[in-house]
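Order of appearance sets the numbers: ligands from 1, and atoms from 1 within every ligand. Predicted model only: the values in this text are computed from it and were never measured.
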Amino acid sequence: MSTSHALSLIPVFCVAFAIVTYLTRDREKSDFENQASLPPGPRPLPVVGNVIGFKTDEPWATYTEWSVIYGDILYSRFLGQEIIVISSEELAKALLERRSSNYSDRPFNPVMEPFGLTYSSAFMHYGNRWRLHRRLFHQVMRAEAVLEYRPLQLRKARQLLIDLLDTPEDYVAHLATYSNSIVMDVVYGYEAKPRNDPVISVVERSMEMFVKVVTLQKAAIVGSFPFLLSLPSWLPGASLKREAISTRRLSEDMIGVPFRYVQQSLASGNAKPSMVANALQKFSGRDESGYFEQAIKESSGTAFGASSETSSSTMLVFILAMINNPRVQERAQAEIDSVVGADRLPNFEDRSSMPFVDAVLRETLRWHPVLPLGVPHAATDSDVFEGYFIPRGATILPNAWAMSRNEEKYPGPEEFRPERFLSPDGELNDDTVSFAFGFGRRICVGRYLADASIWSAVVSMLAVFKFAKPLDDMGREVEIDVQWSTGITSHPVPFPCRIIPRVATMSAKTLGQMTNISDSAPLRGELR
Ligand code: HEM
């Protein structure tokens, strides 16, 4: 058979396979199903499910539109996948927190194994292996532990300012370097080079693939048409197979390269305290099977991935918001100037005196949640919730996008208004936008680290720079046509902007004098 003939049969195979999958799919009916009906939702097409009107590049927007029609608990189907979308924060808490024993699993994702992503703690099934990962994170990322990283965060923020001063046009790379270098230090004790660090670039390439691969659509397609991964990789049209092969290679490097760096540093007696070094020492001599070593390797690899995309995306959203809201930017700068003065940069002791800056950070998390559909949970068992039947194994999507657009809680939700987080007397209110970090037992383990790293970058950038729209040939400001990336995370696609020092004579030397942190400041205590 010729290659072109073989190719022409692929769609036929796909449809035939989908029909067989659909007809033979067998969801166990439980007693619950006889008592309650599935939540309302758009009528699915046979086989393919709810594809009509579904915006694949903005699934959160589709689910939010559907939630207006069908309510805050809705049912939808994509190929063989049953999806329950929760669009209210209260209902998400009631389900994912108060019933967390049943809703802390992740959906089976057929993409993970062939793409070499089973290492990820964030997509791992609920169970003992996940618990061990969580414990390893907890050692170094719980609220009290992250206080130790403050000197590191301030030092890296100063480096970020120097980089922005030097080459403002590379701001996207500088933001990525900032968040990546903090997590590399915390997790591996690795001091990344300010530019073109070889280890960081391995991890960045791997993450780029990761966010494109871990989407609901891809999971459903691979789940329904697994033979696509068996096609010879040379075959035109076998792009999925080729993508799987390169993602697998990148993932191996991503978790292997920095891990070997720590092993070698420990062997030569030069290891700095870090999540990996501490844990390897703790389990040394009592890990014959290599079980703990594997968990340390996998969880540390996850930490990097989970942090890099989310933190730098949030900072991109912040810059965009500042450019489009100059009055907000000026008010935050006035607050910083009044607390800090002109001779030094802000530090963590100043934080409680600058509620407006914190309100800007919260509004950034709300205005464009970088994980608009969170990370999917799964129902371990069938259940009835709010009178609706939730099938065993269903994917549960906490629709952070819809929560951020709740008109009652956030009037004028498309506008960037930090004041919504302040009481009339200027104090911060209780709304910490916690939905941006997820729910229940799977809530983001890195949230305290993320909060301090993003605050330190945001306050430092506001103290030193003005962010403004680009200029045209006539010197007039031009509006930015913002595009948003799509995948499991979403952030503004790099846009032109001006990053101008607020003091024209600002230099790297002045920045050094404005920070009272020593470059060799001890960052953590002894190895435990
Ligand atoms: C702005 C920054 C960040 C945001 C918005 C964010 C958000 C999230 C969200 C929504 C989840 C899913 C929670 C759920 O399943 O309900 C999550 C999980 C996770 N995050 Fe973050 N995150 C951020 C930064 C970080 C950082 C800095 C780290 C680590 C260094 C991190 C590590 C993780 C891990 C390991 C998980 C998986 C938890 C599990 O499945 O048990 N994140 N994050």
*Show your reasoning for whether side chain to side chain donor-acceptor pair (under 3.5 Å) applies to S311 and S179.*
CA-CA 6 Å; S311 304; S179 54; 5.0 Å; no
*atom 43 (N) of ligand 1 [closest protein heavy-atom partner, distance rounded to 0.1 Å]*: C444 CB, 3.1 Å
So is there a nitrogen or oxygen of [X] less than 3.5 Å from a nitrogen or oxygen in ligand 1?
{"X": "T314", "result": "no"}
{"X": "G374", "result": "no"}
{"X": "R441", "result": "no"}
{"X": "W130", "result": "yes"}

Which atoms of ligand 1 have any heavy atom of [X] under 4.0 Å away?
{"X": "S121", "result": "40 (O)"}
{"X": "L371", "result": "7 (C), 8 (C), 9 (C), 10 (C)"}
{"X": "A450", "result": "2 (C), 24 (C), 27 (C)"}
{"X": "G446", "result": "26 (C), 27 (C), 28 (C), 29 (C), 31 (C), 32 (C)"}
{"X": "L449", "result": "30 (C)"}
{"X": "A122", "result": "37 (C), 40 (O)"}
{"X": "A303", "result": "29 (C), 30 (C)"}
{"X": "I454", "result": "1 (C)"}

What I want to check is whether the side chains of [X] and [Y] have a donor and an acceptor closer together than 3.5 Å.
{"X": "Q329", "Y": "N325", "answer": "no"}
{"X": "E82", "Y": "Y75", "answer": "yes"}
{"X": "T118", "Y": "E113", "answer": "no"}
{"X": "Y178", "Y": "D163", "answer": "no"}
{"X": "Y126", "Y": "S100", "answer": "no"}

Is it true that [X] lies under 4.0 Å from ligand 1, counting heavy atoms only?
{"X": "R447", "result": "no"}
{"X": "F304", "result": "no"}
{"X": "H133", "result": "no"}

Which of the listed options, [options], holds the heavy atom that is closest to [atom]?
{"atom": "atom 30 (C) of ligand 1", "options": "R131, M141, M275", "value": "M141"}
{"atom": "atom 3 (C) of ligand 1", "options": "I488, T310, L361", "value": "T310"}
{"atom": "atom 12 (C) of ligand 1", "options": "V375, V445, V370", "value": "V375"}
{"atom": "atom 32 (C) of ligand 1", "options": "A306, A92, S120", "value": "A306"}

*Is the backbone of A295 close enough, under 3.5 Å, to the side chain of R129 for a donor and an acceptor to pair up by distance?*
no
_Centroid-centroid distance, Y70 to W66, less than 6.0 Å_ =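 No, the ring of Y70 stays outside the 6.0 Å limit from the ring of W66, centre to centre.
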*So, F495 versus Y171, ring centres under 6.0 angstrom or not?*
yes
*So does K93 pair up with E90, basic N to acidic O under 4.0 Å?*
no
*Which bit of R106 gets closer than 4.0 Å to ligand 1, counting heavy atoms only: side chain, backbone, both or neither?*
side chain
